[in-house]
Amino acid sequence: MLWARRSCDFLRTTSVQSFCSASISLVGKMDKESQWTLSGLEIELPSFEFSATHKSPEFTQKFPLAKIPAFEDDEGFKLIEGMAIARYVSSLVPDAGLLGRNAKETAQVDQWVHFVETEIHLPASNIYIGIVMKFLPGFNEEQHKYYKERAERSLKFLEDYLASRPSGLLVNDSLTLADI
């Protein structure tokens with residue numbers, strides 16, 4: 001579960017509950033053992049037991065697919081899928097500029113997020129699932145080579161782009177969701 005609240009007027013009494021994987025803990029600064037802050041948004045990370053918490057009756061009653069991450073606020077608003085949750089949480093702190101400072105920057109944030117999902121994460125996942133986990137029947141050396149070259153090409157493109165940026169960040173001179 002993840003509890004979050006922001007101390008601004010429109011969210012002062014709102015607490016947010018989310019069940020998530022540990023990957024969300026990369027976002028923000030750790031203040032104490034189980035609390036993170038991100039641009040004024042406080043995020044508490046209670047314990048989460050993989051393969052147990054998201055299969056519990058309490059969780060599956062709210063989220064029948066039993067997928068993580070999953071999100072529910074105190075008004076019953078629910079989300080699944082990490083990117084949708086990340087965009088929503090980022091939108092709770094608009095002054096932080098995590099989604100960009102204008103429409104063009106927001107489009108660039110989306111571009112880079114989707115680029116990483118499809119051009120880096122997907123090929124790398126296919127290699128891992130095919131070779132290490134052996135969950136892709138028929139996964140062969142030709143497929144491995146294809147996904148490896150695709151991931152390497154995309155990583156080179158990303159490295160070159162970042163090297164051309166004075167800030168070293170993807171969209172502007174401030175941290176955005178694309179950089180996280």
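Every heavy atom of this structure was used, including side-chain atoms; hydrogens, water molecules and symmetry mates were not.
Without hydrogens or angle criteria, Glu149 side chain to Tyr146 main chain gives no donor-acceptor distance under 3.5 Å. A donor-acceptor pair is defined here as one N or O able to donate and one able to accept, closer than 3.5 Å; such a pair exists between the side chain of Ser56 and the backbone of Phe59. Within the 3.5 Å criterion, the main-chain N or O of Gly82 finds no donor-acceptor partner in the side chain of Arg87. Without hydrogens or angle criteria, Ser154 side chain to Glu119 main chain gives a donor-acceptor distance under 3.5 Å. Judged purely by atom type and a 3.5 angstrom limit, Ser164 uses its side chain to pair as donor or acceptor with the backbone of Tyr161. Looking at Thr106, its side chain does come within 3.5 Å of a backbone N or O of Leu99 through a donor-acceptor pair. Asp179 places a side-chain N or O within 3.5 Å of a backbone atom of Thr176 that can act as its donor or acceptor partner. The backbone N or O of Arg101 sits less than 3.5 Å from a side-chain atom of Glu105, completing a donor-acceptor pair. Of the possible polar contacts, one joining the Ser167 side chain to the Asn172 backbone as a donor-acceptor pair under 3.5 Å is found.
Taking the side chain as every heavy atom from C-beta outward, Ile80 and Ile85 never approach each other to under 4.5 Å. Using a 4.5 Å heavy-atom threshold, the side chains of Ile127 and Gln143 count as separate.
Both Val171 and Val116 are assigned to one and the same hydrophobic cluster, defined by single-linkage of ILVMFWY side chains at heavy-atom distances under 4.5 Å. No path of Ile, Leu, Val, Met, Phe, Trp and Tyr side chains, each step under 4.5 Å between heavy atoms, connects Met83 with Val89, placing them in separate hydrophobic clusters. In the hydrophobic clustering of ILVMFWY residues, with side-chain heavy atoms under 4.5 Å counting as a link, Leu162 and Ile120 come out together.
In this structure, CG on Asn140 lies 12.0 Å from NZ on Lys145, to the nearest 0.5 angstrom. A distance of 8.0 Å separates CG of Leu155 from CD of Glu152, quoted to the nearest 0.5 Å. How far NZ of Lys148 is from CZ of Arg153: 14.5 Å, rounded to the nearest 0.5 Å. Glu117 contributes atom CD, which lies 9.5 Å from atom CG of Asp110 (distance to the nearest 0.5 angstrom).
Of all heavy-atom pairs spanning Thr60 and Ala66, the tightest one is CG2-CB, 3.8 Å. Nearest heavy-atom pair, Lys67 versus Ala70, reported as atom, atom and distance to 0.1 Å: O-CB, 3.6 Å. Shortest non-hydrogen contact noted between Phe157 and Phe115 is CD2-CZ, 3.7 Å. Closest approach of Leu177 to Ala86, counting heavy atoms only: CD1-CB, 3.8 Å.
Checked against Leu170 for a side-chain contact (heavy atoms from CB on, under 4.5 Å), the options Leu175, Val109, Leu158 give a single hit: Leu158.
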Q | Worked check of side chain to side chain donor-acceptor pair (under 3.5 Å) between His121 and Ser125 | A | CA-CA 6 Å; His121 180 70; Ser125 293; 3.3 Å; yes
Q.
Run Leu79 and Phe77 through side-chain contact (heavy atoms from CB on, under 4.5 Å) and show every step you take.
A. CA-CA 7 Å; Leu79 290 171; Phe77 176 66; 3.8 Å; yes
**Q.** Candidate pair Glu49 and His54, rule side-chain contact (heavy atoms from CB on, under 4.5 Å), full reasoning
**A.** CA-CA 8 Å; Glu49 187 178 339; His54 64 287; over 6 Å; no
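Atom CZ of Phe135 has 12 or fewer heavy atoms from other residues, nucleotides or ligands within 6.0 Å.
Between Phe139 and His144, the ring planes are perpendicular. Angles over 60° get that label, and only those under 30° would be called parallel.
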